[in-house]
Amino acid sequence: MIYPILTPEEAAEYIQNGMNVGVSGFTIPGNVKVIPPAIAKKAIREHEAGREFKINIYSGASTNDYTDGELSRAHALNYRTPYQSLPEVRNRINAGEVHYNDRHLSELAQEFRYGYYGKMDVALIEAQSITDDGEIVLGTAVGNSPTWLQIADKVIIELNDQIPECIQGLHDCYVPLDPPCRREIPIYTAHDRAGKPTAHVDPKKVLGVVKTSMPLGMPGKFTPVDEQTAMIGKNVCAFLVDEMKNGRMPKTFLPIQSGVGNIANAVLNALEESTEIPPFEMYTEVMQDSVLGLLKSGRCKFASTCSLTLSATAMADLFENIDTLHDKIVLRPAEISNHPEVIRRIGVVSMNTAIEVDIFGNVNSSHVNGTRLMNGIGGSGDFTRNAYTSIFMCPSIKKDDCISTIVPMVTHVDHTIHSVDIIVTDQGVADLRFKDPLQAAEEIIEKAAHPTYRPLLREYLAKAKENGGGHIYQSQKSALEFHRALVEEGDMRKANFNK
């Protein structure tokens with residue numbers, strides 16, 4: 001190997017205050033694991049010596065505790081984009097210590113190439129291998145690594161020997177041209193390939209290689225499917241079957257996108273059990289444990305993804321069965337897995353979760369009470385706006401019935417009524433297509449809201465009608481009464497529209 005072998009501490013010495021640093025991965029998988037803690041220790045030393053030390057981190061999506069966690073605890077993060085999911089960094093963002101820019105995941109790589117963020121000083125990339133001429137087999141996620149390797153001034157590779165050689169060939173690294181020279185992305189089905197199985201870096205830019213032996217896979221497991229989430233899954237499946245029966249969806253079905261989490265798992269479990277939905281392909285951004293089961297059973301014929309967002313057990317299972325699964329999976333850059341052009345061309349059905357939905361169909365998927373960031377918009381906007389059919393899912397009530405996820409007005413809007421087709425809760429399916437705002441409100445109240453809250457929501461809508469009418473009925477005085485009652489009295493059921 002022509003590249004210097006570095007310790008994590010030696011690698012960290014290349015990182016200086018104020019630098020733009022790109023990291024590999026997409027969700028926890030594929031992220032660097034030993035260099036960021038060494039940078040955090042350096043930051044602590046610098047702070048103790050009275051010197052400023054903070055850096056800007058650009059990723060594919062969320063990272064891991066080694067990166068966002070360690071750097072946050074060391075007060076070494078200045079700026080973060082496009083997505084995060086750890087309590088440490090979230091708390092510092094909400095406290096104003098870390099600057100955070102919530103971005104659509106499909107856009108960051110191209111925006112960096114456009115020069116919006118200045119130059120990228122160093123890229124930290126986890127890999128299975130690197131050749132002397134700069135061909136890199138990436139790890140369990142691609143994220144924005146192909147672009148970071150192109151544009152970074154310098155690159156440090158974390159070579160993780162826990163990534164098995166059998167991962168070779170799973171990746172499809174494709175970076176589109178930038179305007180005005182851009183051609184179509186040559187992906188016409190979920191299983192098409194457009195690029196190369198390796199990413200490339202100019203060997204002259206590689207500062208060195210850090211050898212690691214760090215475990216793969218997500219820590220812990222998702223919350224098991226319960227009665228409420230199981231009902232959401234059944235309702236989604238019933239809707240999809242009805243779409244096929246009524247000719248609004250091909251009987252051969254369409255590729256699906258599914259977010260990550262317990263509700264997404266419940267929907268995938270329902271798809272596994274369905275006898276009316278034919279075997280299907282996925283064009284999605286994350287492949288979680290349930291997808292592995294679908295691939296092994298044959299219910300899912302192919303999974304195009306950006307990340308193997310698997311538990312440690314499922315990750316081991318995947319590689320133990322790689323001989324039969326290798327030709328059923330492809331790992332793409334986030335820019336491609338989430339690309340609006342491809343999503344619209346191949347007719348992806350998007351399924352994402354919401355924090356809250358208002359009675360007109362606006363969706364909040366990122367902020368609690370409109371102010372406190374949870375995780376971010378992630379890839380939901382990429383898929384929702386361009387989907388064949390866009391579905392949002394949430395439980396109708398939470399926190400011992402004190403919270404209704406169906407509210408008069410969302411406190412933060414990530415997805416507007418113009419992009420949202422279907423709302424699914426444990427109560428049923430609200431179809432917003434072909435409906436004006438008042439019709440949509442009545443549909444959501446009667447079919448998606450919990451019976452406990454329907455009288456209050458009807459009362460609000462009547463109150464809003466008295467406010468002067470219009471295309472959308474709204475009462476500025478009462479629109480956030482559900483949220484006031486929750487904050488001040490701990491229970492949305494105590495909303496009072498007659499104050």
Side-chain angles (χ1 to χ4, degrees), residues 225-251 253-259 261-278 280 290 347-365 380 383-385 387-398 403-408 410 414-454 457-458 461:
V225 174
D226 57 20
E227 184 178 350
Q228 190 177 46
T229 54
M231 185 55 67
I232 294 172
K234 290 178 182 178
N235 288 340
V236 169
C237 277
F239 165 76
L240 295 172
V241 169
D242 190 62
E243 289 294 282
M244 289 189 292
K245 288 180 177 178
N246 285 283
R248 291 187 291 267
M249 191 174 290
K251 293 187 182 301
F253 206 50
L254 290 166
I256 66 168
Q257 173 261 335
S258 176
N262 61 319
I263 293 178
N265 260 327
V267 173
L268 293 171
N269 286 341
L271 288 170
E272 169 89 59
E273 297 170 1
S274 174
T275 59
E276 297 181 272
I277 294 176
F280 55 88
S290 295
V348 175
V349 177
S350 71
M351 299 186 289
N352 292 285
T353 56
I355 291 176
E356 61 181 0
V357 180
D358 69 28
I359 57 175
F360 301 106
N362 297 296
V363 172
N364 171 15
S365 60
S380 58
F383 286 93
T384 296
R385 182 66 184 89
Y388 184 98
T389 306
S390 64
I391 302 171
F392 275 94
M393 309 166 295
C394 56
S396 60
I397 50 175
K398 297 189 290 188
I403 295 176
S404 171
T405 58
I406 308 300
V407 297
V410 290
D414 290 297
H415 314 280
T416 69
I417 55 177
H418 316 93
S419 303
V420 179
D421 295 326
I422 309 295
I423 303 298
V424 180
T425 70
D426 48 287
Q427 297 301 309
V429 177
D431 188 345
L432 311 188
R433 297 171 298 181
F434 330 118
K435 294 179 175 64
D436 69 23
L438 179 57
Q439 292 170 323
E442 293 168 344
E443 177 88 355
I444 290 172
I445 292 171
E446 300 307 322
K447 295 185 179 179
H450 193 275
T452 300
Y453 284 92
R454 286 176 192 164
L457 291 167
R458 295 186 194 113
L461 192 57

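Residue numbers start at 1 and run along the sequence shown. No hydrogens, no waters, no symmetry mates; every other heavy atom, side chains included, goes into these values. What you are looking at is a predicted structure, and each value in this text was computed from that prediction instead of being measured.
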Find out whether Ser274 and Phe280 are in side-chain contact, i.e. whether some heavy atom of one side chain is under 4.5 Å from a heavy atom of the other.
no
With a 3.5 Å distance limit and no angle check, can you tell me whether Ser396 reaches the backbone of Thr425 through a side-chain donor-acceptor pair?
no
From Asp414 CG over to Ile355 CD1, what is the distance, rounded to the nearest 0.5 angstrom?
7.5 Å
Can a salt bridge be assigned to the pair Glu273 and Lys234 using a cut-off of 4.0 Å between side-chain N and carboxylate O?
no
Working to the nearest 0.5 angstrom, can you tell me the gap between Ser419 OG and Asn362 CG?
9.5 Å
Just wondering, do Leu457 and Pro408 contact through their side chains at under 4.5 Å, heavy atoms?
yes
Under the 3.5 angstrom rule, does the side chain of Glu243 hit a backbone N or O of Arg248 as a donor-acceptor pair?
no
Test log, rule side-chain contact (heavy atoms from CB on, under 4.5 Å), inputs Ile406 and Ile445
CA-CA 8 Å; Ile406 308 300; Ile445 292 171; 5.5 Å; no
Go through Glu276 and Lys245 one step at a time and tell me if the side-chain contact (heavy atoms from CB on, under 4.5 Å) criterion holds.
CA-CA 10 Å; Glu276 297 181 272; Lys245 288 180 177 178; 3.2 Å; yes
Does Ile417 reach the side chain of Leu432, with side-chain heavy atoms less than 4.5 Å apart?
no
Is it true that, when you exclude Arg454 itself, more than 12 heavy atoms of the residues, nucleotides or ligands shown sit nearer than 6.0 Å to its CZ?
yes
Could you check whether any side-chain N or O of Gln439 sits under 3.5 Å from a backbone N or O of Asp436, counting only pairs where one atom can act as donor and the other as acceptor?
yes
Checking Val363 against Val410 for the side-chain contact (heavy atoms from CB on, under 4.5 Å) test, could you report, in this order, the C-alpha distance in whole Å, the side-chain angles of both residues, the deciding distance, and whether it holds?
CA-CA 7 Å; Val363 172; Val410 290; over 6 Å; no
Do the ring planes of His415 and Phe392 sit parallel (below 30°), tilted (30 to 60°) or perpendicular (above 60°)?
tilted
Worked check of side-chain contact (heavy atoms from CB on, under 4.5 Å) between Met393 and Ile422
CA-CA 8 Å; Met393 309 166 295; Ile422 309 295; over 6 Å; no
Least distance between heavy atoms, Phe253 atom then Leu240 atom
CZ-CD1, 3.8 Å
Residue pair Leu271 / Ile256, side-chain heavy-atom distance below 4.5 Å:
yes
Within the 4.5 Å heavy-atom criterion, are Val241 and Ile277 side-chain neighbours or not?
yes
Does the side chain of Thr389 come under 3.5 Å of the side chain of Asp421 through a donor N or O and an acceptor N or O?
no
If you take all heavy atoms of Val225 and Ala266, which pair is closest and at what distance?
CG2-CA, 3.7 Å
Is the side chain of Gln228 donor-acceptor paired with the backbone N or O of Ile397 at a distance under 3.5 Å, no angle test?
yes
Counting only heavy atoms not in Lys447 (residues, nucleotides, ligands), do more than 12 fall under 6.0 Å from its NZ?
no
What distance do Ser258 atom OG and Asn352 atom CG have between them, rounded to the nearest 0.5 Å?
7.5 Å
I'd like to check Asn364 versus Asp358 (side-chain heavy atoms, cut-off strictly below 4.5 Å). Are they in contact?
no
What's the spacing between Ile423 CD1 and Ile444 CD1 if we round to 0.5 Å?
5.5 Å
Just verifying a value: how many Å separate Phe239 CZ and Met244 CE, rounded to the nearest 0.5 Å?
11.0 Å
Shortest non-hydrogen contact between Pro437 and Phe360, atoms and distance
O-CD2, 3.4 Å
Is a donor from one side chain sitting under 3.5 angstrom from an acceptor on the other, for His450 and Ser404?
no
If you take all heavy atoms of Val429 and Glu443, which pair is closest and at what distance?
O-OE2, 4.0 Å
What closest approach, in Å, do Val357 and Cys394 show between heavy atoms, and which atom pair accounts for it?
CG2-SG, 4.2 Å
Kindly compute the distance separating SG (Cys237) from CG (Leu268), expressed to the nearest 0.5 Å.
9.0 Å
With a 3.5 Å distance limit and no angle check, can you tell me whether Thr384 reaches the backbone of Ser380 through a side-chain donor-acceptor pair?
yes
All heavy atoms of Ala387 vs all of Ser350, minimum pair found to be CB-OG, 3.5 Å
When you compare the side chains of Gln427 and Asn235, does any donor N or O come within less than 3.5 Å of an acceptor on the partner?
no
